[in-house]
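Worksheet: one structure, shown below.
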Amino acid sequence: MGCGTSVATESQTKQSEKELTYKLFYSITQRADESPKAPSPALAMKAAVLIQRWYRRYMARIEIRRRYTWSIFQSIEYAGEQDQLQLSSFFTFMLDNFTHLGGASPDLISQFLDPTSDPMEEEDRAAKYEKIEVPDSYPGPRLSFPLTVAHTNALLKAFKQQQQHLHARYVLQLLHETKKFLKKLPNIIHLSTSYTKEITICGDLHGKLDDLLLIFYKNGLPSIENPYVFNGDFVDRGKKSVEIIIILFAFLLLYPNDMHLNRGNHEDHIMNLRYGFTKEVMQKYRSHGREILLLLQDVFSLLPLATIIDNKVLIVHGGVSDMTDLDYLASIERHKFKSALRPPRMSIDSSQDEDKRKTKGQLPAQSSGGHRSISTRYSGNHLMKPSSGASSPSSSSSSLSSSIPKSHRMSDAQEKDTSTTSNGQHPLHHRSISPAGILEVPFLDSDVTITPRVPSREEMEWKQIVDLLWSDPKNQNGCSPNSFRGGGCYFGPDVTLTLLKKYQLKMLIRSHECKQEGYELCHDGQVITIFSASNYYEEGSNRGAYIKLGPDLVPRFFQYQVSKSTRRMTLQQRVSVAEGSALKSLREKLYAHRSELIAAFKQYDTYNTGTVSTSDWASAVESVLCLDLPEDAMPLVRLAPDGSVEYLSCFEDLHMEQPIKEVTPSLVETLYRYRTDLEIIFNMIDKDHSGLISIEEFRQTWRLFSSHLHVHVDNAAIDDLARSIDFNKDGSIDFNEFLEAFRVVHKLDSKEKH
């Protein structure tokens, strides 16, 4: 990062090569005009070689930019997933073990984390949609069950033309019918191909309706002759998640034997809080949004976990682990796990009772499985005893900044040997008792201070599901915690080979990761990643793809890219657009950690010159952000004449749009950094989704927030803040306006508007 010293030299070289090439061409052209003789073959060859050399260097520079842009996007995306896992772990911990927390009852979040399924209440909900009247003036599709081809065609036509949303009455009825159908399905679906029928496999769609419509246009609609498997992550991030699930569920009911849906890690109501699906539902169905969301919790939890084709090809959303047991998975009651982020309940008391049976001060024994934790509260073979004090909280992109050290986010290369550190301890972080006596909340795969016990069946079931939905392949052998995402595992070629041999399978098809070409092969071609959402990070950032499998089980890949503007753009323009978007996101990340970054820079700037070396700048940024960022070609800063980095320059183009005077600068930075977590907590408190909460509810939101992050702010400051944002003094706060006040604006963007 910050490598800019070679720019002038490269530019000069490029310019001299261009000039020489032009001179050669000019010389050739002049000779052609002056004489009918052909130009010198040696001169023409020299010009061709120079052009080729220049083009190769040009393409190499483009590829470098493309790769570091991709690395930035992916690092920020996975950091967001860690944030969500940490927040969910905190809520789970609080719900399981505390009756109150600073005045905020767990009832505020229990509706999301621990929904009850009262049979009478379900019957009332099932009958409620029948009472919803559809006005004669409603211009959209009208559904009746059982569905017909005419119904699915009407839905496709309406969504293509961006007509009015499907009426809430039909959405609820569709979800009820889908729920009834899914209840009958096993956890693992078995399919077979034939010589007249290939199976199409699609990866993540993430709310990108245009990609789904393009797949249907290129490959045909689902039918008896044209079966599909959609491998999870239908919702979140994109703006058309509702339309996608309506289409997929409609085809599922129309062709129950030829349309198949696997569950992904985003078919999870807690994930939906952060990544937009919950908000989309409430915006499109304000009156009945809550009913739709509650019903979707059930539908998502009933989606099958895996599909097997011809007893040879396993299809799961994320991946596998060295503990994956397909026979065991087949027996799981999958509907119990409405969220993979919500582990089975176990009170601390039961753990502490077992702790008393152990010798005090000893390290717990290793688990026999040789694997990592079964639950968030227990780790596998590398537990640490409680430290006397919490380690110094180094900032990170995670919402629990004090509990994700840099060592916990390691690349595949770093995972080759993670058994011990120089002092003989395992490199994963210690856990400690907080000052308030509350145990810090762990990752899905992390070390904690509670001695392990024999996991219950429900905990083992939950672990199996987490691994299927969250895991990623790696190039090195072995199975290790997926520290980059925060959940699931990294599984190596040996883990893949063992599982395939055990169940006599040929290959594993999974999704879960965006790939630049829409697909990727690894583990000697035995693992295929398929991703169907094109332009995932930015317009032109990646292609989408799908797979067709016939009886020979040789995958055929079909790529595409939904494009409205990129077709008219050159390669350099497309890369520049994606690069600009990635750097913009990274700048905002830097701004969110401004004070900690400046402190880190000053540790290297011993003489207060305002500059550090490029390597020191990169080290400081990585130590604070804990992102797996590229080390080269990072045009984020201004270089001094001697090639050093003026480190304050990375904050120059950013400012807060509407800073509230009553808020101190340090609180502004905190609020901006964790605005997404605050919004999630607020949405849980705002039960009617009105966008308004009382001042007291705002205080409760802050108490939850500060407990989650160990951010200590004086109560008087929070009261002043609450009063200052109650603009009309009616005792209610428009929380969305409040969050909008803490939005970073890029000065260049502001200039463009004016």
Side-chain angles (χ1 to χ4, degrees), residues 125-182 200 202 205-230 234-235 238-261 267 277 280-289 291-293 295-296 299-300 302-303 532-533 544 546 560 562 564:
R125 289 208 309 263
K128 192 172 183 179
Y129 73 83
E130 298 176 357
K131 301 176 183 178
I132 301 174
E133 294 185 2
V134 181
D136 295 336
S137 59
Y138 166 67
R142 295 176 181 266
L143 304 183
S144 60
F145 294 82
L147 294 176
T148 65
V149 173
H151 291 128
T152 53
N153 287 342
L155 288 171
L156 289 170
K157 181 180 178 181
F159 295 156
K160 279 180 186 177
Q161 297 175 353
Q162 299 184 356
Q163 294 178 358
Q164 184 175 343
H165 307 304
L166 183 66
H167 197 278
R169 189 232 193 269
Y170 300 127
V171 175
L172 287 167
Q173 189 172 5
L174 176 67
L175 293 177
H176 277 290
E177 295 296 327
T178 303
K179 178 180 175 181
K180 286 194 294 185
F181 171 74
L182 290 175
T200 302
C202 300
L205 288 169
H206 278 302
K208 291 185 172 289
L209 179 62
D210 287 343
D211 286 293
L212 178 62
L213 297 178
L214 183 57
I215 292 170
F216 286 164
Y217 174 78
K218 291 170 65 72
N219 193 61
L221 295 175
S223 66
I224 296 173
E225 295 78 22
N226 192 27
Y228 277 84
V229 175
F230 285 88
F234 321 125
V235 301
K239 297 179 180 179
K240 300 285 186 178
S241 296
V242 170
E243 287 79 2
I244 284 179
I245 62 169
I246 288 172
I247 290 172
L248 295 181
F249 291 161
F251 276 112
L252 179 68
L253 296 178
L254 181 59
Y255 298 111
N257 297 318
D258 304 286
M259 183 70 166
H260 308 280
L261 308 177
E267 278 66 65
F277 182 54
E280 180 187 340
V281 171
M282 292 308 302
Q283 286 177 343
K284 292 179 178 178
Y285 297 99
R286 191 166 293 274
S287 299
H288 301 282
E291 300 164 50
I292 292 172
L293 290 171
L295 191 49
L296 278 167
V299 172
F300 286 166
L302 288 167
L303 288 168
S532 298
Y546 57 88
Y560 55 87
V562 173
K564 295 178 181 178

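Just so we're clear, the structure is a prediction, and the values are computed from it rather than from any experiment. Below, each value reflects all heavy atoms present in this structure, side chains not excepted, and no hydrogens, waters or symmetry copies.
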Discussion item. Looking at every non-hydrogen atom in both residues, tell me the closest pair between D258 and S223 and how far apart they are.
Written reply: CB-O, 3.4 Å
Practice prompt. Tell me, please, which residues at least two apart from H206 pass side chain to side chain contact (heavy atoms under 4.5 Å, CB included).
Written response: D204, D233, D236, R237, H266, F531, Y536
Fill in: Residues, nucleotides or ligands: over 12 heavy atoms within 6.0 Å of E133 CD
no
Worksheet entry | Worked verdict on L143 versus L155 for side chain to side chain contact (heavy atoms under 4.5 Å, CB included) | CA-CA 9 Å; L143 304 183; L155 288 171; 4.3 Å; yes
Worksheet entry | Closest heavy-atom pair and its distance - P135, R142 | O-NH2, 3.0 Å
Worksheet item: Listed by chain and number, what are the side chain to side chain contact (heavy atoms under 4.5 Å, CB included) partners of L213, not counting sequence neighbours?
Response: L156, K160, L209
Worksheet item: If every non-hydrogen atom of E280 is compared with every non-hydrogen atom of V242, which pair is closest and at what distance?
Response: OE2-N, 2.9 Å
Worksheet entry | Pairwise side-chain contact, L221 with V149, heavy-atom cut-off 4.5 Å (strictly under) | no
Item to complete: Starting at CG of L166, measure out to CG of L174 and round the result to the nearest 0.5 Å.
Response: 7.5 Å
Worksheet item: Hey, does Y255 have a side-chain heavy atom less than 4.5 Å from the side chain of P227?
Response: no
Worksheet item: Which atoms form the tightest heavy-atom contact between C202 and Y546, and what is the distance?
Response: SG-CB, 4.0 Å
Practice prompt. May I ask you to check whether F216 and Y228 place their ring centers less than 6.0 Å from one another?
Written response: yes
Practice prompt. Side-chain contact test, heavy atoms from C-beta onward, threshold under 4.5 Å: evaluate it for L212 versus F234 and give yes or no.
Written response: no
Fill in: Spatial distance of atom NZ (K208) from atom NZ (K240) [nearest 0.5 Å]
12.0 Å
Response to the item:
For L295 and L172, the nearest pair of non-hydrogen atoms, with its separation, is CD2-O, 3.7 Å
Worksheet item: How close do K239 and K284 get, heavy atom to heavy atom, and via which atoms?
Response: O-NZ, 3.1 Å
Practice prompt. Before giving the answer on side chain to side chain contact (heavy atoms under 4.5 Å, CB included), spell out for F277 and I245 the whole-Å C-alpha distance, their side-chain angles and the decisive distance to 0.1 Å.
Written response: CA-CA 11 Å; F277 182 54; I245 62 169; 3.7 Å; yes
Worksheet, complete the sentence: Between the OG1 atom in T152 and the CG atom in L252, the distance rounded to the nearest 0.5 Å is 12.5 Å
Discussion item. Using a 3.5 Å distance criterion without hydrogens, assess whether the side chain of E267 forms a donor-acceptor pair with backbone atoms of L303.
Written reply: no
Discussion item. With rounding to the nearest 0.5 angstrom, report the CG to CG distance, L205 to D211.
Written reply: 7.0 Å
Worksheet item: When rounded to the nearest 0.5 angstrom, what distance separates CG in N226 from CE in M259?
Response: 10.5 Å
Practice prompt. Rounded to the nearest 0.5 Å, what's the gap from CZ on F300 to CG on L296? Could you check?
Written response: 4.5 Å
Discussion item. Just by distance, no angles: are the side chains of Q173 and H176 close enough, under 3.5 Å, to form a donor-acceptor pair?
Written reply: no
Fill in: Side-chain touch F230/H260, heavy atoms, less than 4.5 angstrom
no
Worksheet entry | Pairwise ring pair (Phe, Tyr, Trp, His ring centres under 6.0 Å) hits with a residue in residues 132-174, at least two apart | Y138-H167
